[in-house]
Structure formats: structure tokens, C-alpha cells
Student: 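Let me begin by handing over the structure; questions about it come next.
Proteins get letters first, then strands, A, B, ... in listed order; numbering begins at 1 in each.
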Amino acid sequence: GLFVWRLRNTGARQIPCRLVRLYHVASYRLITFQYFNFLKRMYVTQCNKDLSQRAKPKSDSIVSAFHELQQLDQEKKVVHKISSVSPVHQSWSEMSSRNELREMKSAAETEDSVIAGGAESKEDRQWKEMKLRLDDLPGILARLSKIKLTALVVSTASAGFAMAPVPFELTCFLLASLGTGLASCAANSINQFFEVPFDSNMNRTKNRPLVRGQISPLLAVCFAASCGIPGIALLTLGVNPLTGALGAFNIFLYTCCYTPLKRMSIANTWVGAVVGAIPPVMGWTAATGSLDAGALLLGGILYSWQFPHFNALSWGLREDYSRGGYCMMSVTHPGLCRRVALRHCLALIGLSTVAPVLNITTWTFPVISLPINLYISYLGFRFYRDADRSSSRKLFFCSLWHLPMLLLVMFTCKKSVLEKEDKGELRGGSHEMAMEIRLP
Amino acid sequence: PPAHSRRDWIGPPDKHSNLRPVIFYVPPEESALERRLREARQEAQASNQRFWARHNRAFRQEKEEFIYSRLKAKGLEMRDESGQKATLNAEEMADFYKDFLSKNFKKHLQYNRDWYKQNFRITFLMGQVALVRALRWLRRRKKNVEQ
């Protein structure tokens with residue numbers, strides 16, 4: 001497969017640049033690379049002065065980096081859905097290019113990788129008036145709330161909703177999705193509010209709105225409140241109190257536990273994995289109103305998945321973590337990092353086998369999912385044994401397609417407790433889960 | 001920033017600290033509250049700048065020293081025949097990263113505490129200032145309407 005990359009040339013110094021955001025004026029050029037033949041050093045070609053807005057269709061699955069360093073300042077969980085093949089490649093490239101740029105930075109081993117701004121566009125070098133422009137506001141808020149990540153979180157929640165063994169209700173589904181989306185926006189905004197100086201020092205995150213002064217911290221907090229409070233209220237009153245409680249708890253876990261913990265102890269990774277596991281549980285409870293074994297299993301699958309994904313990613317970002325003061329396993333306990341990744345790859349196999357036992361899916365699910373689970377476990381084992389950049393990259397990229405595929409297979413193997421019409425309704429009702437394959 | 005501007009201006013990231021400096025506008029009729037806010041922001045900016053500039057400089061320095069000592073142990077020079085700077089690969093640098101992180105752990109904990117306090121205080125003051133301004137604006141409008 002081919003990956004499409006956007007990289008920018010920085011003149012003499014060939015530093016890979018960040019991904020162009022939708023509203024940002026930048027120059028770049030498309031470069032294509034062979035997927036599995038990455039060279040250690042990526043060479044950037046020149047830029048052209050084109051400004052193009054990349055409109056991404058909403059149904060595209062995008063994989064977001066876990067822990068944006070935001071480090072990776074860490075962003076959050078990755079969620080995805082694949083609707084068709086080519087957008088997947090494109091979205092992989094977007095996602096992976098974002099991650100890859102970070103990885104490439106550490107791979108390139110430039111001493112000056114910490115230089116911010118560097119050869120960014122001219123605009124960046126200028127002094128800007130700190131005035132809020134209303135026409136920029138939507139873009140700024142989108143970046144503040146990490147809208148793409150939010151979209152992925154909402155799609156995992158819809159996966160949870162879809163897997164629940166109850167008749168599909170459209171209004172409930174929409175309310176749950178909207179509530180989850182608002183809660184996610186709020187959590188992401190508060191996260192950025194807390195991390196301004198750290199974000200400034202990391203290449204991936206140095207162009208966030210608060211870092212650039214495009215929005216004041218007060219406005220960021222007000223925005224978070226105006227998303228979070230209606231979001232949770234919507235979930236509690238419009239769906240059910242359990243989902244609302246889970247949503248509120250998740251916001252708390254992410255902003256008040258995970259974010260500060262990132263700089264204090266490696267336990268942040270486990271907390272972060274729980275944060276990523278809760279949205280599908282929320283989807284399930286939205287549908288059924290109760291927290292039963294199926295919800296926990298789905299949460300468990302997402303929880304386990306976070307580890308190979310994040311640990312592999314963080315392997316290439318050790319320099320930025322170390323300088324930024326983030327306590328991550330890849331820096332402090334590298335052996336543990338790889339062990340945990342492998343352990344959870346194997347756990348995914350186990351969890352997939354439990355699914356039919358709990359009557360969520362038929363027995364075809366563990367059988368069909370075995371190849372992909374074995375493959376990711378194999379890559380996990382290679383990462384464990386080799387502990388180098390190429391094995392970490394392979395594992396990371398595998399995780400990007402592994403989860404959407406697993407969820408898709410799970411959905412197709414869903415135990416149909418109800419009549420076939422509901423299945424059809426399900427398919428038609430949820431545009432985010434466009435089913436391209438036929439049910440067996 | 002232009003002299004006639006009535007707003008704050010934010011600049012490009014600093015070379016050492018990667019933070020963006022802000023030049024604050026001092027309005028002639030600045031209230032005590034607004035002055036407290038501005039001073040808090042200036043103070044925070046200065047202390048953050050100091051911290052990160054020092055921290056990043058230390059990182060770069062220690063990294064150089066580490067590379068130098070490792071290369072020496074391997075019997076290589078800092079620059080090879082073509083004049084290129086010799087570097088270590090990621091696995092060799094990992095020891096340095098781990099070491100640096102643990103050495104600076106306490107420093108970061110202290111900084112985190114200070115940063116959170118600063119951030120909350122500044123945001124709270126911003127809220128107060130915004131509230132006062134909003135009330136003032138409402139009062140002015142009421143007066144205009146009455147007139």
C-alpha cells in the first residue's frame with residue numbers, strides 16, 4: 001500500500017514538519033512512500049505554495065495517536081472505523097504521518113529537534129495581535145477540542161451501542177453520540193488548558209491554540225464548561241443516569257487524574273487506557289441501561305488494545321518525553337513497556353474468545369479474529385525481543401488497522417437476538433458504521 | 001508591536017524556552033484588578049521563561065556530554081572524516097533519556113505545582129476582570145437607554 005505524506009521542506013535542514021491543519025496557512029507537497037520500506041531518514045521534497053483545504057469525509061476512519069505527546073502530550077485514545085479501503089490509506093497516512101513525523105524526528109537524531117518554530121511559515125515568526133477573530137473561532141475551537149479525536153471517541157461509543165443486544169433506537173443513539181462528543185470536547189479542552197508550557201516544548205503539540213495565544217485560557221475553560229455541562233446533562237437526562245455518570249467520571253479521570261499523572265508516574269498509561277475503554281461502555285449502557293458483562297468485555301478489548309498501540313508509539317518519542325518531563329514507561333522502564341505491550345496483545349486473543357461465551361457474538365468471531373490477533377501478538381513479540389524502532393513502528397501501524405478490523409468483525413459476528421429487520425435498521429441508521437461487507 | 005495598538009501581542013517561540021513571549025498593553029485607565037492580572041501574567045511569563053530556557057539548555061548540554069563520553073568510550077571522534085557530527089542511535093540514547101528524566105523528576109514536580117497555581121490564579125483573575133467589564137458595559141448601556 002502507499003502512504004501519502006505531507007511534509008515540508010525547511011531548506012537546508014531537512015526536518016520533517018508537522019501536518020497541515022485545516023485552517024492553517026502552510027506550504028507543503030505530497031510525497032508518497034512505500035509503506036513497509038521506510039528508511040531511517042526521510043527526505044523531504046520541496047514545497048509549493050499551494051494552499052489546499054483538506055476536506056475529510058466524516059465517515060473516514062481516522063486513527064489518532066494515543067498520547068499525543070502532546071506529547072505526546074498525550075492525547076488520547078485511538079478509535080476507528082473503516083468504511084472503505086482508500087480513505088483508510090489516506091487517513092492512515094494522516095494519522096501515521098503525524099506520528100511518523102514525531103518518530104522521524106527522533107530517528108533523525110538532530111540535536112536541534114527541539115527548536116520550535118524553526119522553519120515554519122513566515123506567519124509563525126511574526127508578532128501577532130492577541131485578538132479573538134470570530135471567523136477563526138470555529139477552527140480554533142475544533143483544535144482546542146481535538147475534534148478528530150473526539151470523532152473517534154464517538155465512533156467507539158457507537159460501536160458499543162451497536163454491539164448491545166437490544167433493538168436499535170435512533171434517538172437514543174444520536175443523543176448518546178452527541179453527549180459523548182460534547183464530553184470529549186470538554187475533556188480535551190481542559191487537558192490543553194493544563195498543558196500549555198509542555199505543549200510548547202513538544203513538536204507535535206506546539207501549534208495548539210492556547211500555545212499560540214489564539215484564545216485565552218479563560219475562554220478555553222468557558223468553552224469546556226459549555227460543552228461538558230450540557231453534554232453530561234444530555235447523557236443523564238436524555239439517555240440514562242448511568243451513562244451520564246460514566247461520562248462525568250471519564251472527564252474527571254482524564255483531566256484530573258491522567259493529565260497530572262503524566263508528569264508524576266508511569267501509572268498514567270493504565271489510567272489512560274481506562275479512559276479509552278470507557279466510551280464503548282458508555283455506548284452499551286446508553287443502549288441497554290445497565291452495565292453488564294458485554295459492556296465490560298468491550299471496554300476490556302479497548303483497554304488491552306491501548307497498550308500495544310501506545311507503547312509502540314512512545315518508543316520513538318523518548319527524547320521529547322525525557323526533555324518534557326513526562327514519566328512514560330518507554331523512558332523509565334523500557335523492559336516493562338515491551339512486556340506490557342506483548343501481554344495485552346495476547347490478552348486480546350483471550351478477550352475475543354470470551355465474547356461468544358457471553359453471548360455477544362457467535363463462535364465465528366474468535367475464529368475469524370484469530371489471524372489478526374495472532375499477527376499483532378507476533379509483532380508484539382518481535383517488539384519485545386528486538387526493542388528497536390522498526391519493530392515498534394510495525395506494531396504501531398498494525399494497531400491502527402487492527403482495532404477497526406476487530407470491531408468490524410465483531411459487529412458482523414454479533415449474535416442476532418432479534419429479528420433481521422433490526423440489523424437492517426442498524427446498518428442504515430448509523431452512518432458512522434457503514435458496512436461494506438456482507439453478513440455471513 | 002505597533003505603538004498605537006490597544007491589545008496584547010504575542011510573538012514567535014523563544015529560541016531557548018520554546019515559549020511565546022507576550023507584550024502586555026497597559027491601558028491608561030487600568031484598574032487595580034486589571035493591574036494585578038497583568039502583573040501576574042508577566043511574572044508567570046518570566047518565571048516560565050527562566051525555567052524552560054535553563055532546562056532546555058541543560059538538556060542540550062548534557063546530551064552533548066553524553067554523546068561525547070560514549071563516543072570516546074567507543075574510540076570514535078565527535079566528527080567523522082566527512083565532518084559530519086557523529087550521533088548515537090536511539091537505543092544508546094535511551095540510557096541518557098532515562099537518566100535525565102529521573103534527575104529532573106523533583107524539579108518537574110515542583111514546577112508542575114507552581115505552574116498549576118499560576119494557571120488557576122491567572123484564569124481566575126481573568127474571570128474577575130471579564131465579569132467587572134461586563135457589568136460596567138451593562139451599566140453603561142442602561143444609562144444610555146435611560147438617556
Student: Counting only non-hydrogen atoms closer than 4.5 Å, can you tell me which residues of residues 100-110 of chain B sit against chain A?
Tutor: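 Heavy-atom contacts from residues 100-110 of chain B to chain A are Phe100(B), Leu101(B), Phe105(B), His108(B), Leu109(B).
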
Student: Should the pair Glu319(A)-Lys63(B) be classified as a salt bridge under the 4.0 Å nitrogen-to-oxygen rule?
Tutor: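 Looking at Lys63(B) together with Glu319(A), the answer is yes, because their closest N to O distance falls below 4.0 Å.
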
Student: For residues 125-132 of chain B, tabulate all N or O donor-acceptor pairs below 3.5 Å that involve a side-chain atom, not counting sequence neighbours.
Tutor:
none

Student: Given a strict heavy-atom distance threshold of 4.5 Å, which part of Tyr25(B) is in contact with chain A: side chain, backbone, both, or neither?
Tutor: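 Neither part.
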
Student: Is chain B contacted by the side chain of Val221(A), its backbone, both, or neither, given a heavy-atom distance below 4.5 Å?
Tutor: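 Contact with chain B: side chain only.
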
Student: So is Arg113(B) actually on top of Trp115(B)'s ring, under 6.0 Å and inside 45° of the axis?
Tutor: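 Pair Arg113(B)/Trp115(B) does not count as cation-pi.
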
Student: Name the member of Tyr111(B), Trp52(B), Phe51(B) that forms the most heavy-atom pairs with chain A at distances under 4.5 Å.
Tutor: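 Winner by heavy-atom pair count: Trp52(B).
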
Student: Using side-chain hydrogen bond (donor to acceptor under 3.5 Å, both in side chains), reason through Asp388(A) and Ser391(A) one step at a time and then give a plain yes or no.
Tutor: CA-CA 6 Å; Asp388(A) 61 358; Ser391(A) 53; 2.5 Å; yes

Student: Is Cys327(A) close to chain B through its backbone or its side chain, or both, or neither, when contacts mean heavy atoms under 4.5 Å?
Tutor: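 Both backbone and side chain.
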
Student: Do the numbers put Arg41(B) on top of the ring of Phe24(B), so that NZ or CZ is under 6.0 Å from the six-membered ring centre and no more than 45° off the axis?
Tutor: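 Geometry flag: not set, cation outside 6.0 Å or 45°.
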
Student: Side-chain atoms of residues 116-124 of chain B: list all donor-acceptor pairs with protein atoms under 3.5 Å, sequence neighbours left out, distances to 0.1 Å.
Tutor:
{"residue": "Gln118(B)", "atom": "NE2", "partner": "Ser47(B)", "partner atom": "OG", "Å": "3.0"}
{"residue": "Asn119(B)", "atom": "ND2", "partner": "Phe193(A)", "partner atom": "O", "Å": "3.0"}
{"residue": "Thr123(B)", "atom": "OG1", "partner": "Asn119(B)", "partner atom": "O", "Å": "2.7"}

Student: Once salt bridge (charged side-chain N to carboxylate O under 4.0 Å, His left out) is applied, do any residues pair with Glu29(B), and if so which ones, sequence neighbours excluded?
Tutor: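 Expected list: Arg6(B).
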
Student: Does the pair Glu92(B)/Arg70(B) count as a salt bridge with the N-to-O cut at 4.0 Å?
Tutor: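 No, no charged N to carboxylate O under 4.0 Å.
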
